[in-house]
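Taking it in order: structure first as structure tokens, then the write-up.
Only a predicted model underlies this, so the values are computations on that prediction, with no experimental measurement involved.
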Amino acid sequence: MSVRVRYAPSPTGLQHIGGVRTALFNYLFARANGGKFILRLEDTDRTRSSEEYVKNLYDTFDWLGIRWDEGPDVGGPKGPYVQSERFGLYRQYAEKLVAAGKAYYCFCGEDRLSRMRSDAEPEEGEGAASYGYDRACRNIESAEARRRAEAGEAHVIRLKIPLEGTTKFRDLLLGEIEWKNADVSPDPVLLKSDGFPTYHLANVVDDHLMEITHVMRAQEWIPSAPMHMIMYEAFGWTPPSLCHLPMVLGSDGHKLSKRHGATAVNEFRTKGYVKEALINYVAMLGASYEDGRDLYSLEDLARLFRIDRINKAPAVFDYVKLEWFNGQYIRAKEDGELTEMLLPFAVDAGLFGAPGTRPSGGQDSLFRSAVPLVKERLSYLSEAPAKLAYLFSEPPLAPVEEFIPKKLDAPRAAELLAIAAALLPDCDLSDIPASEEKFRTKAAEAGCKLGDLMMPLRVAVTGSRVSPPLFESIRLLGLPAVLARAAKARAALAAAGSAP
RNA sequence: GUCCCCUUCGUCUAGUGGUUAGGACAGCGGGUUUUCAUCCCGCCAACAGGGGUUCGACUCCCCUAGGGGAUGCCA
């Protein structure tokens, strides 16, 4: 039987790292085993589901380059792949369980249930309290229950969890897991009063109908696994293999959530993370592939993925390490591709005029030539515009002290700046080593280090002590502009020198 | 409260009875270098604790502790 796995998110929020991790592992497992990866939208919570989140889901995975073989947008033989479009199915299957005596109508209202829950809160100094539904409706005569339901009385359908005995299943990662039925959630709701299924029913019915062979989901689902097994048993179906993935935690050690910052994939994207880095990093959260390697492409991962290389313990999401991966992939990009990736960030940041302005022809070619200068200096794509701004507009004059090399003073800085500027017309800036050699010689004559000779010029040209390489910058900027900036800086230094 | 899962450097991990417990990120210290960065080299740093089993335990078993999760007409 060939492998069929699914990612079954509910569109009730933005896609975040946790979801991507689950999807990625399912995808990798399918690819590694020549199986199918299926997307199923679990939009059964009609108050929280929204189109906006569906769109975000598509955008996210489209960006990441993770594609499903079957799904709402691409179709497939087991559709529809949206649960709200399968509405009729669930009542039908729930009724089947009722008819078989495995489930029952429950007429308890929300008010009674919430009162019951708050009563169960452990009081100060009190011992064990029981939680969950008290099974009040379980013993209603079935004919009586049917009559009330048909009379229009609001109701849900609940699964009968056996009062005694145990339920066990074999988790592909965790091994044998056995539960006392008394510890399973007491008679969970299968069909809500609005006629929609709960996750539990929909997930079991659809996994069966869609012939899912392996369910890989986060470990937070372990407690509901026994109930699902009881359902498969009640339906007389063979359950899929289960594999509960370790959770991804925030730096505070808790389940990843909005509180942890930029966990929505969207935000990583706008901050300038590249997809390869995100995929590589997330794939390594809670799993390993081969020894001695850090960098894996999606294709590598798809080939190497194995369940027995997954870790059981939860993993903490580390932004710093992700940043390292990002730098690695940025540097690995070919210049042309990196330029295309950087361009939107430059446009948005207003590098070419007002934010949103496209580059002119000249700006475009300048930008292309400048990209190699920042490539090794980027952790995120979004950092590029600020680092290159001095090439596109004159930077504000730096404070005087910025110009002054260590242990020197303003007059000396002005002098070195003049020497450096005077040397420039004699340099062939397309030959960096030669230009550098000229400067080195001149620095020796002037009795200072090369760095000291370059620093005032660097600050004059780029507006900062920290900048991309200076000779290349000067070449891109052109001599006239550079000399003008140098002159302006000299004037400022002179003024500072004459003031006490 | 109850139930379940987990436990190797700060973090991600390798390890499947005999290793100086390896790698990566971070940190620290050097080197290359026109600044910054890249790159290179080095250092620091872990088997939660206690019992067993065994000639021998990070590896197997038990207990304790700690962490996490679940306990919804949300998924």
Hey, which sits more toward the 5' end of RNA chain B by its nearest nucleotide, A:Ala315 or A:Met454? A:Ala315
Closer to the 5' end of RNA chain B via nearest nucleotide, is it A:Leu174 or A:Pro246? A:Leu174
Applying ring pair (Phe, Tyr, Trp, His ring centres under 6.0 Å) to A:Phe305 and A:Phe25, what does each step give before you reach the verdict? CA-CA 8 Å; A:Phe305 183 87; A:Phe25 277 32; 5.4 Å; yes
Within the structure shown, what part of the strands sits under 4.0 Å from [X] by heavy-atom distance: base, sugar-phosphate, or nothing?
X	value
A:Ala287	sugar-phosphate
A:Phe325	nothing
A:Asn203	nothing
A:Pro469	base
A:Ile310	nothing
A:Ile222	sugar-phosphate
A:Pro468	base

Could you list all N or O pairs between the protein and nucleotides 67-74 of chain B that sit under 3.5 Å apart?
residue : atom : partner  : partner atom : Å
B:G68   : OP1  : A:His254 : NE2          : 3.1
B:G69   : OP1  : A:Lys255 : N            : 3.0
B:A70   : OP1  : A:Lys255 : NZ           : 2.7
B:C73   : O2   : A:Ser193 : N            : 2.7
B:C73   : O2   : A:Ser193 : OG           : 2.8
B:C73   : N3   : A:Ser193 : OG           : 3.1
B:C73   : N4   : A:Cys108 : O            : 3.0
B:C74   : OP2  : A:Lys192 : NZ           : 2.8
B:C74   : O2'  : A:Asp45  : OD2          : 3.1
B:C74   : O2'  : A:Arg48  : NH2          : 2.8
B:C74   : O2   : A:Arg48  : NH2          : 3.2

Could you identify the nucleotide paired to [N], looking across every strand shown and requiring Watson-Crick or G-U wobble geometry with both distances under 3.5 Å?
N	value
B:U7	B:A65
B:U2	B:A70
B:C55	B:G18

Extract from the structure each pairing of a protein N or O with an N or O of nucleotides 57-61 of chain B at less than 3.5 Å, listing the distance.
none

Could you list, one pair per line, each protein nitrogen or oxygen that sits under 3.5 Å from a nitrogen or oxygen of nucleotides 28-31 of chain B, together with the distance?
none

Tabulated below should be each protein N or O lying under 3.5 Å from an N or O of nucleotides 38-45 of chain B; please produce it.
residue : atom : partner  : partner atom : Å
B:U38   : O3'  : A:Arg331 : NH1          : 3.3
B:C39   : OP1  : A:Gln328 : NE2          : 3.4
B:C39   : OP1  : A:Arg331 : NH1          : 3.4

Which heavy atom in A:Leu159 sits nearest to a heavy atom in A:Met227, and how many Å separate them? CD2-O, 3.9 Å
For A:Asp300 and A:Tyr289, what are the C-alpha separation, side-chain angles and deciding distance, and is it a side chain to side chain donor-acceptor pair (under 3.5 Å)? CA-CA 9 Å; A:Asp300 292 335; A:Tyr289 297 83; over 6 Å; no
Tell me if the side-chain of A:Lys321 makes a donor-acceptor pair with the base of B:C12, cut-off 3.5 Å, by modelled atom types. yes
Does the side chain of A:Pro246 come within less than 4.5 Å of A:Gln219's, by heavy atoms? yes
A:Ser185 versus A:Tyr133: any side-chain heavy-atom pair under 4.5 Å? no
Is the A:His228 to A:Tyr199 ring centre distance short of 6.0 Å? yes
Is the distance between the ring centroids of A:Tyr281 and A:Phe317 under 6.0 Å? yes
List in chain and number order the residues that pass salt bridge (charged side-chain N to carboxylate O under 4.0 Å, His left out) with A:Arg306, two or more places apart in sequence or in another chain; answer none if no residue qualifies. A:Asp308
What residues form a salt bridge (charged side-chain N to carboxylate O under 4.0 Å, His left out) with A:Glu42, not counting sequence neighbours? A:Arg40
Residue A:Glu51 excluded, over 12 heavy atoms near CD under 6.0 Å: no
Presence of A:Arg309 side-chain N/O under 4.0 Å of B:G15 phosphate oxygens OP1/OP2: yes
Measuring from the side chain of A:Asp183 (C-beta onward, heavy atoms only), which nucleotide among B:A14, B:C12, B:U2 has the closest atom? B:U2
